[in-house]
Amino acid sequence: MTIQWFPGHMAKARRQVTEKLKLIDIVYELVDARIPQSSRNPMIDEIIVNKPRIVLLNKTDKADPRMTEEWLRYYREQGVQALAIDAQAGKGMKQIVSLSKEILHEKFERMKAKGIKKPRAIRAMIVGIPNVGKSTLINRLASKKIAKTGDRPGVTQAQQWIKVGSELELLDTPGILWPKFEDQTVGYKLATTGAIKDTIVNMQDICVYALRFLSRYYPVNLKERYGLEEIPEDIVELFDAIAKKRGCIMSGGMVDYDKTAELVLREIRTDKLGMLTFDDPAELSSEE
Ligand code: G4P
């Protein structure tokens with residue numbers, strides 16, 4: 001999905017999320033575990049004030065497990081609740097429910113103390129930038145027990161709730177927010193992982209970014225995938241080496257850089273270079 005974000009769209013998206021916040025007890029902020037920082041909305045803390053929140057690191061099946069651990073440790077140190085999940089395979093779903101119950105325990109105890117004998121289910125909504133897996137997670141949590149309480153007579157049709165077991169209800173539409181694309185590196189990371197579609201960004205530029213990143217942080221993966229003895233420091237030489245290994249050569253023997261870039265990016269996105277993470281919490285700590 002490609003969304004062109006203009007100031008008006010951003011304001012509307014923010015308004016919609018703010019409206020829905022009134023209906024819920026807890027927010028699930030979904031991010032891509034390969035780029036937990038770059039796949040966040042830059043204003044999320046401002047938008048979600050005073051609501052409990054769990055950061056869900058999704059697509060952990062594609063991310064570097066060591067870095068996912070680093071991220072979880074970082075969030076713990078920051079006092080932020082976070083879980084590593086894989087919405088596609090359904091991993092971590094039970095933890096979402098149990099952690100939500102734990103976080104909201106006191107609130108629901110207070111409701112009981114006020115004489116509410118059978119407290120209602122916890123109400124939650126998912127928010128996140130496009131492509132982090134919001135719909136996949138909703139479908140996964142809903143499994144086969146989809147029951148829209150809005151269908152019952154006397155209940156407003158405006159919002160539909162999806163029942164997740166007996167203890168959780170999820171808004172059927174997620175809050176879609178924009179990424180921090182004014183930062184060029186963030187843009188490159190979003191594009192490298194496929195969150196931004198290729199038509200709006202230059203493939204060769206993204207590939208230069210990705211290859212530099214891999215040369216520095218994942219040199220073994222890069223060497224093994226493309227059968228390189230050494231990784232040339234010069235980026236054009238690196239393109240040339242990969243192009244020759246993979247036959248991305250035009251008639252006349254010239255290297256086809258577009259084809260090479262396309263191939264490398266496709267292989268990164270489909271995990272052919274292994275499980276990779278492009279954001280490092282250590283960089284955030286040093287910024288702070
Ligand atoms: P969104 O609602 O936040 O926009 O995201 P959506 O659920 O549509 O998911 C975007 C893509 O990410 C989908 O791939 C989906 O299958 C994939 N995805 C979601 N969660 C996970 C996960 O935990 N692991 C993996 N590996 N993939 C996940 P798609 O339909 O192929 O779309 P696309 O890749 O063509 O964009």
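All ligand and atom numbering here is 1-based and tracks the order in the structure. Source: prediction; values computed, not measured.
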[X]-ligand 1 polar pair, N/O distance under 3.5 Å:
| X | answer |
| --- | --- |
| Pro130 | no |
| Thr60 | no |
| Ala87 | yes |

Within the 4.0 Å heavy-atom shell around Asp86, which atoms of ligand 1 are there?
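Contacts of ligand 1 toward Asp86, numbered from 1: 22 (C), 23 (O), 24 (N).
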Taking only heavy atoms of Lys62, which atoms of ligand 1 are found under 4.0 Å from at least one of them?
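Counting atoms of ligand 1 from 1, those under 4.0 Å from Lys62 are 26 (N).
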Take the angle between the ring planes of Phe278 and Phe213 and call it parallel below 30°, perpendicular above 60°, tilted in between.
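Ring orientation, 0 to 90° scale: tilted.
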When the ring planes of Trp71 and Tyr74 are compared, do they come out parallel, tilted or perpendicular, using 30° and 60° as the limits?
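Rings of Trp71 and Tyr74: perpendicular, as their planes differ by over 60°.
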Does [X] pair with [Y] as a salt bridge, N-O distance under 4.0 Å?
| X | Y | result |
| --- | --- | --- |
| Arg53 | Asp45 | yes |
| Glu70 | Arg73 | yes |
| Glu109 | Lys112 | yes |
| Glu46 | Arg14 | yes |

Have a look at Lys91, Lys59, Gln88 and point out the one with the heavy atom closest to atom 11 (C) of ligand 1.
Lys59
Note: Asp61, heavy atoms under 4.0 Å from ligand 1, region reported as side chain
